[in-house]
Amino acid sequence: MNLDLVYNPVAGSFRPERLEALVRAFTARGARVTPVATTLRGVTISPDAELVCVHGGHGTLRDTVQSLGARAGAVPLCIAPAGTINLVAREIGYVRKPGALADQVMRAWDRPEGWVRAPLYTLGDLPVVSCLSIGPDSHAVARVSPALKRRLGRMAYVVALLRVLREWPRETMSLSGELTDGTPFKCEAAAVIVSHGALYAGPFRLPPGASLAADSVELIVLERPSRRGVAAFTAAAFAGWPLDRLGLASFRSVRRVAFDRCVHPVQVDGDHISDCGFAVGPSGMTLRYVI
């Protein structure tokens, strides 16, 4: 089996010795491994790659899916967890130790019927492998510097969010779209979260119906949130309370959602995106994770 091992050499969490351990582990189990470094131009996947293993966080996974283009639905993936928070790897259940991960993936390689299939949604042309947000959360992501991220890890986002709540410039958007049953909807929002995975910002579950395997995304709308309301929503998420029952936001399972304008900044899979589309919808492709 030809395996491309994608990694980001400038990521704060990157360790050459861990990459080497992954290469050794997969090679020892019969894979022909080609390490592939990400660049500012993206990722160049080998034309004969049968499996792509992404060693990194959400940004590296998203860049890999984007580089695969039309092949994203044909070339299966696996994840060697790294980065500050890897929600996709956590939800699917990939382990971190190189040897155990290689065993996990190679055992599953001959049983494709058990692989996790995740319909791919996009924001314009940009893949969304886990989540996006517009509002205080995205403002916080935009303020997290690489140095702060390296020093504090995931707590860097908490520090940034506390700063945002002091001076968050609320701007209202008009949303429209289609629920999973085809019913159209319209609403106003000052803050929006679109979640495809079950987890958000770590081990937290926001909408109960979110899942990578679902052919829909969960739309969470805060219509006119105050600083106190955002703080209450965040505290409830940390506490694991049922957010859909607390009246702090509205929840919808949707197939499509469009914004009348893209209020910046926009957070996609944990990264600040400066140029994005105005609508989220299905790409028509399904990612396959080998596990």
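No experiment lies behind these values; they were computed from the predicted model shown.
Asp260 has its side chain within reach of Met173: a pair of non-hydrogen atoms, C-beta onward, lies under 4.5 Å apart. Side chains of Pro98 and Arg24 form no contact here, defined as non-hydrogen atoms less than 4.5 Å apart. Taking 4.5 Å as the limit, every side-chain heavy atom of Tyr94 sits out of range of all side-chain heavy atoms of Asn86. In this structure, Gln104 and Cys78 have side chains that are not in contact, with every pair of non-hydrogen atoms separated by 4.5 Å or more. Annotation: side chain of Tyr200 is not in contact with side chain of Ile220 (no heavy-atom distance under 4.5 Å). In this structure the side chain of Val88 never reaches within 4.5 angstrom of the side chain of Asp269, judged on heavy atoms. Looking only at side-chain heavy atoms (C-beta outward), Leu175 and Phe259 come within less than 4.5 Å of each other. No side-chain heavy atom of Leu126 sits less than 4.5 Å from a side-chain heavy atom of Leu132.
Under the 4.5 Å side-chain heavy-atom criterion for Ile, Leu, Val, Met, Phe, Trp and Tyr, Phe204 and Leu212 are members of distinct hydrophobic clusters. Two different hydrophobic clusters hold Val116 and Leu199 under the rule that ILVMFWY side chains link at heavy-atom gaps under 4.5 Å. Under the 4.5 Å side-chain heavy-atom criterion for ILVMFWY residues, a single connected hydrophobic cluster contains both Val221 and Leu123. In the hydrophobic cluster analysis, where Ile, Leu, Val, Met, Phe, Trp and Tyr join through side-chain heavy atoms closer than 4.5 angstrom, Ile273 is grouped apart from Val129.
Residues passing the side-chain hydrogen bond (donor to acceptor under 3.5 Å, both in side chains) test with Ser176, sequence neighbours excluded: none. Ala102 is linked by a side chain to side chain contact (heavy atoms under 4.5 Å, CB included) to Ala25, Phe26, Arg29, counting only residues two or more places apart in sequence or in another chain. Looking at residues two or more places apart in sequence or on another chain, you find a side chain to side chain contact (heavy atoms under 4.5 Å, CB included) between Asp181 and Leu179, Thr183. For the salt bridge (Lys or Arg N to Asp or Glu O under 4.0 Å) test, no residue two or more places apart in sequence or in another chain qualifies with Arg32. Residues meeting the side chain to side chain contact (heavy atoms under 4.5 Å, CB included) test with Ala37, sequence neighbours left out: Tyr7, Pro9. Taking Val36 as the reference, Asp4, Val6, Thr34, Val43 meet the side chain to side chain contact (heavy atoms under 4.5 Å, CB included) condition, with sequence neighbours excluded.
Interatomic distance, CE of Met106 versus CG of Leu101, reported as 11.0 Å (0.5 Å rounding). Taken from CZ in Arg252 to CD in Glu178, the straight-line distance is 13.5 Å, to the nearest 0.5 Å.
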Q: I would like to know whether Ser130 and Glu91 meet side-chain contact (heavy atoms from CB on, under 4.5 Å); could you show each step before the answer?
A: CA-CA 10 Å; Ser130 178; Glu91 179 176 343; over 6 Å; no
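The salt bridge (charged side-chain N to carboxylate O under 4.0 Å, His left out) pairs that include a residue from residues 36-54 number zero, where partners must be two or more places apart or lie in different chains. Applying the side chain to side chain donor-acceptor pair (under 3.5 Å) test to pairs two or more places apart or on separate chains, those with a residue in residues 201-221 are Tyr121-Asp215, Asp215-Arg255, Glu218-Ser253. For residues 120-129, the set of pairs meeting the salt bridge (charged side-chain N to carboxylate O under 4.0 Å, His left out) definition, not counting sequence neighbours, is empty. Under the side chain to side chain donor-acceptor pair (under 3.5 Å) criterion, the residue pairs touching residues 57-81 are Arg62-Asp271, with sequence neighbours excluded.
Here the closest heavy-atom approach between residue Phe14 and residue Asn8 is recorded as CB-O, 3.5 Å. For Ile79 against Gly56, the heavy-atom pair with the smallest separation is CG2-O, 4.5 Å. The two residues Pro76 and Leu51 make their nearest non-hydrogen contact at O-CD1, 3.4 Å. For Phe185 against Arg256, the heavy-atom pair with the smallest separation is CE2-O, 3.8 Å. Closest approach of Ala237 to Leu206, counting heavy atoms only: CB-CD2, 3.7 Å. Nearest heavy atoms, Ala49 versus Ile45: CB-CG2, 3.9 Å.
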For residues 188-195, which side-chain N or O atoms pair as donor and acceptor with protein atoms under 3.5 Å away, sequence neighbours left out?
{"residue": "Glu188", "atom": "OE1", "partner": "Ser174", "partner atom": "OG", "Å": "3.3"}
{"residue": "Glu188", "atom": "OE2", "partner": "Ser174", "partner atom": "OG", "Å": "2.8"}
{"residue": "Ser195", "atom": "OG", "partner": "Gly197", "partner atom": "O", "Å": "2.9"}

Going by atom type alone, with no hydrogens or angles, which donor-acceptor pairs under 3.5 Å involve a side-chain atom of residues 278-291 and a protein atom two or more places apart or on another chain?
{"residue": "Ser283", "atom": "OG", "partner": "Leu120", "partner atom": "O", "Å": "2.9"}
{"residue": "Ser283", "atom": "OG", "partner": "Met285", "partner atom": "N", "Å": "3.1"}
{"residue": "Arg288", "atom": "NH2", "partner": "Ala74", "partner atom": "O", "Å": "2.4"}

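Looking at Trp115, its side chain never comes within 3.5 Å of a backbone N or O of Leu77 through a donor-acceptor pair.
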